[in-house]
Amino acid sequence: MSQMQTDQQNFAQLSAQVSQWITQFQQQLPQRRAALVDDPQLPAHSIEPTTTGTQAAFAAFKQRIAPHLSATAGPRYFGFVTGGCTPAALLADWIVAGTDQNVAQGGDSISSEVESQALAWLRELFHLPNSFEGTLTTGATASNILGLLCARQFGGAQQGIDIARDGFSNADISVFSATPHASSQKAMAIAGLGRNQIQAVGCLADSEAMDVASLAKLLAANTSPGKIVIASTGTVTGTDFDDLVAIAALCKQHNAWLHVDAAFGIFSRLLPEKRDLSAGIELADSITCDGHKWLNVPYDCGIFYTRHLEYLQQVCSVAAPYLDIGSAAPSFMDRGIENSRRFRALPVWMTLQAYGIEGYREMIAANCQHALQLAQWIEASDHYELLTPCNLNVVVFRPKNSSDAEVKLCLTQINASGETFMTPGFWGGNSAIRAAISNWKTTAADIEQTCRLLEGL
Ligand SMILES: Cc1ncc(COP(=O)(O)O)c(C=O)c1O
């Protein structure tokens, strides 16, 4: 019998051991170091020449890797915009591996149908109209890439060029944005449009939000037939929201494609009192949202919607005799970058099934409340200053009267503590520290612990 067959025979015992280990890891997350800032290394070790089996591999994992895993999924990891993982989503992800479905197209399983339903549920959660269709992606970066590829295809169509078919050497495309996320610059590079080719739209005073008057001027002066505007619903530092109603009106007037990066900002739509922040998002041509951020499903999961599925399919369609199994279900390999795709729809489906609109509304409201708690403490503190009002889940601050080097040092000390993890930002031309609170596990006590840490530095 091969070792793989033996492992399969012993699957019940092996999976019980792994399950116990994961349960313990989860329970110890609040005590585990939020981040290991010293870049742990694996000991030099050649590949095993012989078969040792899962038991031995698991022992090696526990010895060499497990001690160096951080609590990125824990309650005080406030770096980037990092979600945790709800219990339902975590367990669903085990099922994903355990069932190993390939959600490329229909015709062999219900998995495509699950992705369709997950996308429909998310659309309801975000109060988006049914005209938006799309796909799950590997993250907001991939969704921004899809948005730009659709927009590029639209831009080509305005000048009689099918870019997906013929390339875009003759196409004239112009892209405008005020505060594009770094991933949109990456998307520009990947789409062959050039990361430095975004035409900078001005921002409103003390804000990362787009100055619509500045956009109006740029669009009026631009003669390109293929215009694209990238707007933001929640910028990554200031959590600022572009005026989508006004921007959409300008896009309509100038026949420009409107892509909205709403990676985490879209979750503000769950709170009635904050829904107006993203008014007009239903007028976008395409939207980026994220799953592994505020939806709290495991990595990796992004969401992409467009009102013009035809452009997405023109870009992503794939044809080969061996792929043609004649299913009527949506073909997700014709909607995204990958052909073979993970069943990442299941954690989305299961977490929405488990917690519903109410559970998510509570979680988003609680995270916003925790961010406010931290912001209010900072505002009242003698040592720190809040740099911009906290209007969602991100807190931007710095030590008072400090140089950029001192801000960096402060962030280094915060992260070296292991109690929390925050990431750098830039505000008003100066270095800042940003804390993004997007994990369902975070409690008021976690914020108090964080404030005690800041007080003691
Ligand atoms: C507004 C925005 N867009 C895009 C991204 C990129 O997301 P991901 O890392 O999931 O690709 C982020 C990440 O923080 C973001 O905040």
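Being a predicted model, the structure only gives us computed values, none of them experimental. Just so you know, ligand 1 is whichever comes first in the structure, and atom 1 is the first atom listed for that ligand.
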Would you call the rings of Y311 and F154 parallel, tilted or perpendicular if under 30° counts as parallel and over 60° as perpendicular? perpendicular
Mark up the atoms of ligand 1 that fall under 4.0 Å of a heavy atom belonging to A263, in ascending order. 1 (C), 2 (C), 3 (N), 15 (C)
Tell me, yes or no, whether the heavy-atom count around D206 atom CG, taken from other residues, nucleotides or ligands under 6.0 Å, exceeds 12. no
What I want to check is whether the side chains of S232 and T179 have a donor and an acceptor closer together than 3.5 Å. no
Rounded to the nearest 0.5 Å, what separates atom CZ in R452 from atom CD in E419? 8.0 Å
For atom 3 (N) of ligand 1, the closest protein heavy atom turns out to be D261 OD2, 2.7 Å
What atoms of ligand 1 come within less than 4.0 Å of a heavy atom belonging to V236? 14 (O), 16 (O)
Check the side chains of S286 and W257 for a donor-acceptor pair under 3.5 angstrom, ignoring hydrogens and angles. yes
Could you tell me the residue and atom name of the protein heavy atom closest to atom 5 (C) of ligand 1, and the distance to it rounded to 0.1 Å? H181 CE1, 3.2 Å
Would you say Q31 has more than 12 foreign heavy atoms packed within less than 6.0 Å of its CD? yes
Ranked by distance from atom 8 (P) of ligand 1, the top protein heavy atom is K293 NZ, 3.3 Å
Note the single closest protein heavy atom to atom 11 (O) of ligand 1, along with its residue, its atom name and the distance in Å. T141 OG1, 2.5 Å
Which label fits F126 and F267: parallel for a plane angle under 30°, tilted from 30 to 60°, or perpendicular past 60°? perpendicular
At the 4.0 Å heavy-atom cut-off, does S183 count as touching ligand 1? yes
Give yes or no for whether the N/O distance cutoff of 3.5 Å, strictly under, is met between F264 and ligand 1. no
Side chain, backbone, both or neither: D290 near ligand 1, heavy atoms under 4.0 Å: side chain
